[in-house]
Amino acid sequence: MRLTTWNVNSVRLRIDLLPELIARTGADVFCLQETKVVDQDFPRAAFAALGYEHQVISGQKSHHGVAILSRLPFKTSGARNWCDKDDRRHAWAKLASGPEIHNFYVPAGGDIPDPDANEKFAHKLAFLREAAAWFGAQKSRKAPIVLAGDLNVAPLETDVWSHKQLLDVVSHTPIEVELLGNWMASYKFVDAVRHFVPPAERLYSWWSYRAADWAKSDRGRRLDHVWVSPVLKDHLRAAHVFKPARDWKPPSDHVPVTVEINV
DNA sequence: ATGGTGGATGCTCCA
């Protein structure tokens, strides 16, 4: 099974890139974030026509929004609210024969890395804590789970273009890195991408729109992740960050991340 | 130190 996570920054603007995306990733399952569209306007038919007829969509007007689009059938699927908000930031699907998939869009957190001064940052920290508590409370921590999404945290020093310069920049602050680590530990998740790419090697999945030349300045961050639960660790086959997508027209500021798992 | 761009929306917010 190949699973691709991609923050599309508007699914309707990115829809024409789908055939290329499918050709490049061979995805059986897509986890999309920032779809930015209400469910009734989601381009369901375009995905179905390409073979992704199993869909769970949780969107809202203008902001956020997630979707799982799959060639493989679901046994059950749904969406969940976090932090008592009805932001659409999480969808899940249990494959009929395969793992349970969770797709997350963690709050970006605003600009000021102080929860007292910035309620968006407070929300982000609360979200990370609540997610860790939720997975930690699962009765059996043995289910095969793939957790993917834009987690809006770059945990390793090599996940950002400058560890020192980003220590006080939201996405790479010590408290965010600690809370993301707690979330991983809550279910003993394994970072499926770093399983293949050594931590010493720089790796990014996002480059700001605000650079004159994103590739030349290369000030990226690895915000998009795929984690697997321990039982799937030995089933991991490959991981790939599809950097050329940053030059697609029109580009998302995030690129697709694909993981291949034997299931 | 600052502002830079892009998306959805509707004369601004969010990333």
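Hydrogens, waters and symmetry mates play no part in the numbers below; they use all other heavy atoms, side chains included. Below, read A as the first sequence line, B as the second, and so on, with proteins coming before strands; counting in each chain starts at 1.
With sequence neighbours excluded, no residue forms a ring-ring contact (aromatic ring centres under 6.0 Å, His included) with A/Trp161. Residues passing the ring-ring contact (aromatic ring centres under 6.0 Å, His included) test with A/His235, sequence neighbours excluded: none.
Distance check on atom P: B/dG6 versus B/dT2 gives 23 Å, rounded to whole Å. On the C1' atoms, B/dG4 is 14 Å away from B/dA15, given to the nearest whole Å. A gap of 14 Å separates the P atoms of B/dC14 and B/dG10, to the nearest Å. Rounded to the nearest Å, the gap between the P atom of B/dT5 and that of B/dT9 is 22 Å.
Backbone-only contact: A/Arg14 has heavy atoms under 4.0 Å from sugar-phosphate atoms and none from a base.
Judged by closest nucleotide on DNA chain B, A/Pro250 is the one of A/Pro250 and A/Tyr105 placed further toward the 5' end. Mapped onto DNA chain B by nearest heavy atom, A/Asp253 and A/Tyr209 fall at different nucleotides, with A/Tyr209 at the one closer to the 5' end.
For the 3.5 Å distance criterion, the side chains of A/Thr158 and A/Arg194 qualify, holding a donor opposite an acceptor. Side-chain contact check for A/Asp224 and A/Ser205: at least one donor-acceptor pair (N or O, by modelled atom type) lies under 3.5 Å.
Comment: A/Arg2 does not engage A/Asp28 in a salt bridge, judged by the lack of any side-chain N to carboxylate O separation of less than 4.0 angstrom.
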Exercise for review: I would like to know whether A/Trp206 and A/Asp150 meet side chain to side chain donor-acceptor pair (under 3.5 Å); could you show each step before the answer?
Suggested key: CA-CA 10 Å; A/Trp206 173 90; A/Asp150 176 2; over 6 Å; no
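Taking a heavy-atom distance under 4.0 Å as the criterion, the stretch of DNA chain B touched by chain A extends 5' to 3' from B/dG4 to B/dA15.
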